[in-house]
Amino acid sequence: MTRNGPDNQLPVIARFEVRYRNYLAPDGAIIRPLPAFAANADLLVSLYRAMVLVRAFDLKAVALQRTGRLGTYAASLGQEAVAVGVASAMRAEDVLLPSYRDNAALIWRGVKLEEILLFWGGDERGNHFSGPAHDFPFCVPVGSQAPHAAGVAYAFKLRREPRVAVCLFGDGATSKGDVAEAMNFAGVHKLPVVFVITNNQWAISVPLRLQTAAATLAQKAIAAGFIGEQVDGNDAVAMHAATADAIAAARDGRGPRLIEAVTYRLGDHTTADDAARYRPAEEVQAHWKDEPVGRLRTYLVGHSAWDKTKEEQLVAECQTRIETAVERYLATGPRPPETMFDHLYATLPPVYAAQRRDAEENC
């Protein structure tokens, strides 16, 4: 007993909640009233087309890696709706800070397929891409893009620009101090930034249950002082809606937002991984029924917005586009060795200038 009574009679000083958003069931059925934009069949078809393209592109990229024509590659099989839903809700002037698995977001924002192949082929010219010049390149270190996003958003606020930074990272990144510090800073300063966690259940070989004891990852926003929402990451409609709402709030000065997109990585972590060593095949097979591409296709077909002929045309278009990009990538000659010095300094120090001349003359 305490002086004022049992501990269970202590007053509650705060309560918090995390909401869950979804609209389409795995079989394409409508779970709850759709957001207004879903009446635009052209928009939903564009989301579907983007997911089909990136799935086919990933398949080709893995084949290139297996035949020694591409470096290590991270495919997004099973989680295409996350990056497509996020990117489709952004404005051109917003800034994307992607992780290494967000090819679909870059493609949506105008990056060419051959530029992505160049990057994963080890050629930094791939980062000089055709998308918005202010977007950040792929971030391979886990979680280090989160502080960058907070810095970008701080600049927007300082300049009074109505722009938003949108940062994607995986569930494993939420165990990094970089992410916690970035969210804390964003919350304190009410920055226009949206953090998106792609919770695909596995951080390489580490399952989510060994990453956190929290019931959700979305609730990590609460400690930072802003709203976190959990979303069905296999529902492209839900991902677009949640991101649009979060971006609108951030743009309006209502501070940052966090989205936990719950999905599943159906393939290996990268081409350097063998997921069969740590995941039972039964688990993976069970998650195939939730995958996003078939879900949206079923919905579109059921509402007379898609059919077999359109599907066949789309598949052919994707293959042509991908094969053309591969040809351009493979036809790109190597960079001259001396160019390794060209983007280090505004003015190259004499010691490096001499090394550059030596490389140019002798390599």
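Here the two rings, on Y278 and W202, have centers that are under 6.0 Å apart.
Without hydrogens or angle criteria, D102 side chain to S99 main chain gives a donor-acceptor distance under 3.5 Å. Counting only distance, with no hydrogens or angles, the side chain of R32 and the backbone of N22 share a donor-acceptor pair below 3.5 Å. A donor-acceptor pair under 3.5 Å is absent between the side-chain atoms of D94 and the main chain of A165, judged by distance alone. Looking only at distances, no side-chain donor or acceptor of D252 sits under 3.5 Å from a matching main-chain atom of R254. A distance-only check finds a donor-acceptor pair linking the side chain of R295 to the backbone of D290 [under 3.5 Å]. Within the 3.5 Å criterion, the main-chain N or O of T320 finds no donor-acceptor partner in the side chain of E317. A donor-acceptor pair is defined here as one N or O able to donate and one able to accept, closer than 3.5 Å; no such pair exists between the side chain of R328 and the backbone of E323. In terms of modelled atom types and a separation under 3.5 Å, the side chain of T298 and the main chain of D27 share no donor-acceptor contact. The backbone N or O of H189 sits less than 3.5 Å from a side-chain atom of K157, completing a donor-acceptor pair. In this structure, the side chain of T67 engages the main chain of L64 through a donor-acceptor pair within 3.5 Å.
Remark: R19 CZ is loosely packed, at most 12 non-hydrogen atoms of other residues, nucleotides or ligands lying under 6.0 Å away. Shown here is H128, whose NE2 atom has no more than 12 heavy atoms of other residues, nucleotides or ligands within 6.0 Å. For NZ of K112, the number of neighbouring non-hydrogen atoms (other residues, nucleotides, ligands) closer than 6.0 Å is 12 at most. Residue R209 qualifies as open at atom CZ: its count of foreign heavy atoms under 6.0 Å is 12 or below.
With a 4.5 Å cut-off on side-chain heavy atoms, V52 and C318 count as touching. At least one side-chain heavy atom of L217 sits less than 4.5 Å from a side-chain heavy atom of T212. Contact of the T174 side chain with the I197 side chain is registered, since non-hydrogen atoms from C-beta on lie closer than 4.5 Å. For the pair F136 and L96, the minimum side-chain heavy-atom distance is 4.5 Å or more. Counting heavy atoms from C-beta on, the side chains of V166 and V164 come closer than 4.5 Å. Side-chain contact between S46 and S88 is absent, with no heavy-atom pair separated by less than 4.5 Å. Here the side chains of V231 and D235 are not in contact, with every heavy-atom distance at 4.5 Å or above. Taking 4.5 Å as the limit, every side-chain heavy atom of Y48 sits out of range of all side-chain heavy atoms of L53.
Atoms CD1 and CG, from I116 and N103 in turn, are 4.5 Å apart once rounded to the nearest 0.5 Å. How far OG1 of T339 is from CD of E124: 10.5 Å, rounded to the nearest 0.5 Å. With rounding to the nearest 0.5 Å, the separation of CZ in R297 from NZ in K310 is 14.5 Å. Residue Q201 holds its CD atom at 5.5 Å from CG of L208, rounded to the nearest 0.5 Å. Atoms CH2 and OH, from W120 and Y100 in turn, are 8.5 Å apart once rounded to the nearest 0.5 Å. In this structure, R265 CZ and N200 CG are separated by 5.5 Å, a value rounded to the nearest 0.5 Å.
A donor-acceptor contact under 3.5 angstrom links the side chains of D58 and S76, judged on distance only. Counting only N and O atoms by type, the side chains of Y20 and E260 include no donor and acceptor under 3.5 Å apart.
Screening R109, E114, E115 against S130 for a side chain to side chain donor-acceptor pair (under 3.5 Å) leaves a single residue, E115. When each of I30, L34, I31 is paired with Y23, the side-chain contact (heavy atoms from CB on, under 4.5 Å) condition holds for L34 and for no other.
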Assess the residue pair Q219 and T216 against the criterion (side chain to side chain donor-acceptor pair (under 3.5 Å)); give the C-alpha distance rounded to whole Å, side-chain angles, the decisive distance to 0.1 Å, and a yes or no.
CA-CA 6 Å; Q219 71 198 62; T216 70; 2.9 Å; yes
Run the numbers on E361 and R357 for salt bridge (Lys or Arg N to Asp or Glu O under 4.0 Å), then give the verdict.
CA-CA 6 Å; E361 293 169 359; R357 286 193 299 270; 5.6 Å; no
Take N234 and T263 through the side chain to side chain donor-acceptor pair (under 3.5 Å) test and state the conclusion after the steps.
CA-CA 6 Å; N234 293 327; T263 180; 2.7 Å; yes
R257/E229 under salt bridge (Lys or Arg N to Asp or Glu O under 4.0 Å): CA gap, chis, key distance, verdict:
CA-CA 8 Å; R257 291 290 188 274; E229 178 182 22; over 6 Å; no
Take F169 and V142 through the side chain to side chain contact (heavy atoms under 4.5 Å, CB included) test and state the conclusion after the steps.
CA-CA 8 Å; F169 46 81; V142 175; over 6 Å; no
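Between F185 and Y154, the ring planes lie tilted relative to each other; the angle falls in the 30° to 60° range. Ring-plane geometry between Y352 and Y345 is classed as parallel, the angle between the planes falling under 30 degrees on a 0 to 90 degree scale with a further cut at 60.
Cluster membership check: W306 shares its hydrophobic cluster with L296, using side-chain heavy-atom separations under 4.5 Å among Ile, Leu, Val, Met, Phe, Trp and Tyr.
Among all heavy-atom pairs drawn from T271 and R66, the shortest one is O-NH1, 2.9 Å.
Grouping Ile, Leu, Val, Met, Phe, Trp and Tyr by side-chain contacts under 4.5 Å, direct or through others, leaves I227 on its own.
Scored by the side-chain contact (heavy atoms from CB on, under 4.5 Å) test, A81 finds M51, A236, P292 as partners (sequence neighbours excluded).
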